[in-house]
Amino acid sequence: MSQPSQNEEPQQDYSLSGPLLVAKLEEAGIHANDIKKLADAGLHTVEAVAFTPKKNLMAIKAPSGPVNHNTRLAQKIVPLGFQSATEVHARRSELVHITTGSKQLDALLGGGIETGAITELFGEFRTGKSQLCHTLSVTCQLPVSMGGGEGKCLYIDTEGTFRPARLLAVATRYGLNGEEVLDNVAYARAYNADHQNSLLTSASALMAESRFCLLIVDSCTALYRTDFSGRGELSARQNHLGKFLRTLQRLADEFGIAVVVTNQVMSNPDASAGPYAANEKKPIGGNIMAHASTTRLQLKKARGNTRTCKIYDSPCLPEMETTFAILSGGIGDPEEES
């Protein structure tokens, strides 16, 4: 009877201290060289080992042989079994939401961008996707009492639209030190789909060393449109994209961070034709993208600096829309515009 109580103690430590570094497995008898191989493969926490399929662990070559036996040890530390809905509800009630800078947009999202989930922003060019990402990379550093996450930001840029000057403008709006704000944003430019995927391994290493609360990928699908062309490569593209999105969700589960990805759109060939038919656009990525995103937000242009945001898909938010504005100090409400 004493054994179950010993197993419960690490679970309590896990809930209080966050993710456990993979070095914790050394205490369970795992060789140090095996742990290094796990880290080299991008598995920097015990949670990452527990979440990884056995066949993937079998592919990791270590001096002592395949490291798939680490899964059993990791699952003894990380709770992966059933739990009551009451416990899930209590844990979700403590989730941190990161403010977008707009009170109306925060209200639409139930408090802001949810941590531990993937939020997708899609729309045409000039709808405010990158501007919202720039604002979030600053507001995530605010105290929780001000709508922040008290953590750093990881920013993966695939289109070359990242501008530190915008971060400084948002920092000034919130009274933050501009130099410290820039230091708290880890930026990387991705040049192809493989590079974009490999950056998540580096991101995992950074998150294991310091507190991050937000990961931004702007845009998630741009490189896939150029690296994979035609129907002949459609299956390979969707498979590659699916693995990338699955890794994003694993990082969200592992570190409790908010993941924000932007997505491009395409003309809908199934839309009705005619002079009075609306020019409807749909997000690219197909069902792989649709199922991977927890919350999907559709952004559209409006008058002047005003944009509209609609809940396109969400497990708990109603299908509603609101307006926000792109201001000199980042995203805000339309009435704030001078």
Side-chain angles (χ1 to χ4, degrees), residues 51 53 92 95 97-98 100 105 108-110 112-125 127-130 132-133 136 156 158-159 190 193-194 196-197 199-200 214-254 257-272 277-301 307-322:
F51 296 159
R92 286 193 56 80
L95 282 179
H97 289 78
I98 301 174
T100 61
L105 191 51
L108 180 74
L109 299 175
I113 301 296
E114 180 181 334
T115 54
I118 298 178
T119 301
E120 175 192 350
L121 314 173
F122 72 88
E124 297 181 82
F125 66 96
T127 53
K129 301 185 300 294
S130 295
L132 183 52
C133 289
L136 288 170
I156 298 178
T158 67
E159 298 180 329
D194 291 331
Q196 177 178 322
N197 193 41
L199 284 174
L200 295 187
L214 177 64
L215 170 60
I216 294 173
V217 184
D218 183 26
S219 136
C220 180
T221 52
L223 296 175
Y224 285 92
R225 301 186 86 171
T226 55
D227 291 1
F228 301 87
S229 58
R231 291 188 175 274
E233 293 186 303
L234 180 60
S235 177
R237 185 191 81 169
Q238 292 302 88
N239 185 46
H240 197 292
L241 178 61
K243 290 181 178 179
F244 176 76
L245 293 171
R246 183 64 194 93
T247 305
L248 285 180
Q249 185 60 61
R250 195 203 78 198
L251 292 177
D253 294 334
E254 184 180 344
I257 61 169
V259 177
V260 174
V261 300
T262 66
N263 192 8
Q264 299 178 350
V265 295
M266 60 178 287
S267 297
N268 186 2
D270 299 327
S272 57
N279 186 20
E280 279 297 323
K281 301 289 194 298
K282 67 176 185 178
I284 65 173
N287 291 329
I288 294 290
M289 193 76 190
H291 291 300
S293 301
T294 310
T295 301
R296 311 187 81 186
L297 305 179
Q298 183 180 27
L299 306 184
K300 291 184 177 181
K301 304 171 188 175
R307 304 289 186 269
T308 64
C309 176
K310 178 183 178 181
I311 303 291
Y312 191 80
D313 180 39
S314 171
C316 59
L317 300 174
E319 188 173 312
M320 299 174 61
E321 66 178 58
T322 189

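Throughout, residue positions are numbered sequentially from 1 according to the sequence presented. Scope of the values below: all heavy atoms of this structure, side chains included, with no hydrogens, waters or symmetry mates.
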Practice problem: Take Leu214 and Val260 through the side chain to side chain contact (heavy atoms under 4.5 Å, CB included) test and state the conclusion after the steps. | Solution: CA-CA 8 Å; Leu214 177 64; Val260 174; 3.8 Å; yes

Does some side-chain heavy atom of [Y] sit less than 4.5 Å from a side-chain heavy atom of [X]?
X	Y	value
Val217	Phe244	yes
Leu200	Leu215	yes
Arg246	Gln249	yes
Ser267	Lys281	yes

Among all residues two or more places apart in sequence or in another chain, which pass the side chain to side chain donor-acceptor pair (under 3.5 Å) test with [X]?
X	result
His97	none
Glu159	Gln264
Ser130	Asp218
Thr221	Asn263

So how far is it from [X] [atom1] to [Y] [atom2], rounded to the nearest 0.5 Å?
X	Y	atom1	atom2	answer
His240	Leu245	NE2	CG	11.0 Å
Ile311	Leu109	CD1	CG	5.0 Å
Ile118	Ile113	CD1	CD1	12.5 Å
Ile216	Lys129	CD1	NZ	14.0 Å
Leu241	Gln196	CG	CD	8.5 Å
Lys310	Glu319	NZ	CD	4.5 Å

Distance-only donor-acceptor pairs under 3.5 Å for side chains of residues 227-239, two or more places apart:
unit_1, atom_1, unit_2, atom_2, d
Asp227, OD2, Ala193, N, 2.7
Glu233, OE1, Ser229, N, 2.8
Gln238, NE2, Gly285, O, 2.8

Return the minimal non-hydrogen interatomic distance between [X] and [Y], and the atom names on each side.
X	Y	result
Val265	Ile284	C-CG2, 3.9 Å
Leu317	Ser314	N-OG, 3.0 Å
Ala290	Asp313	O-OD2, 4.3 Å
Leu299	Gly128	CD1-C, 4.1 Å
Asp253	Gly116	OD1-O, 4.1 Å
Cys309	Leu108	O-CD2, 3.6 Å

Quiz prompt | Sequence-distant partners of Tyr312, ring-ring contact (aromatic ring centres under 6.0 Å, His included), two or more places apart | solution =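 Testing Tyr312 for ring-ring contact (aromatic ring centres under 6.0 Å, His included), a comparison that skips the adjacent residues, returns Phe122.
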
Quiz item: With sequence neighbours left out, which residue pairs that include part of residues 289-299 fulfil the salt bridge (charged side-chain N to carboxylate O under 4.0 Å, His left out) condition?
Solution: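 The answer is Glu120-Arg296.
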
Quiz item: Ignoring hydrogens and geometry, is there a side-chain-to-backbone donor-acceptor pair from Thr322 to Leu105 under 3.5 Å?
Solution: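 Such a contact is absent between Thr322 side chain and Leu105 backbone.
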
Exercise. Could you tell me which residues satisfy salt bridge (Lys or Arg N to Asp or Glu O under 4.0 Å) with Lys301, sequence neighbours excluded, listed by chain and number?
Key: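 Salt bridge (Lys or Arg N to Asp or Glu O under 4.0 Å) check on Lys301 returns nothing, list empty.
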
Practice problem: Please identify each residue that fulfils salt bridge (Lys or Arg N to Asp or Glu O under 4.0 Å) with Arg225, with sequence neighbours left out. | Solution: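 Partners of Arg225 by the salt bridge (Lys or Arg N to Asp or Glu O under 4.0 Å) criterion come out as none, since no residue qualifies.
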
Quiz item: What residues form a side chain to side chain contact (heavy atoms under 4.5 Å, CB included) with Pro315, not counting sequence neighbours?
Solution: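 For Pro315, the residues satisfying side chain to side chain contact (heavy atoms under 4.5 Å, CB included) (neighbours in sequence not counted) are Thr294, Thr295.
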
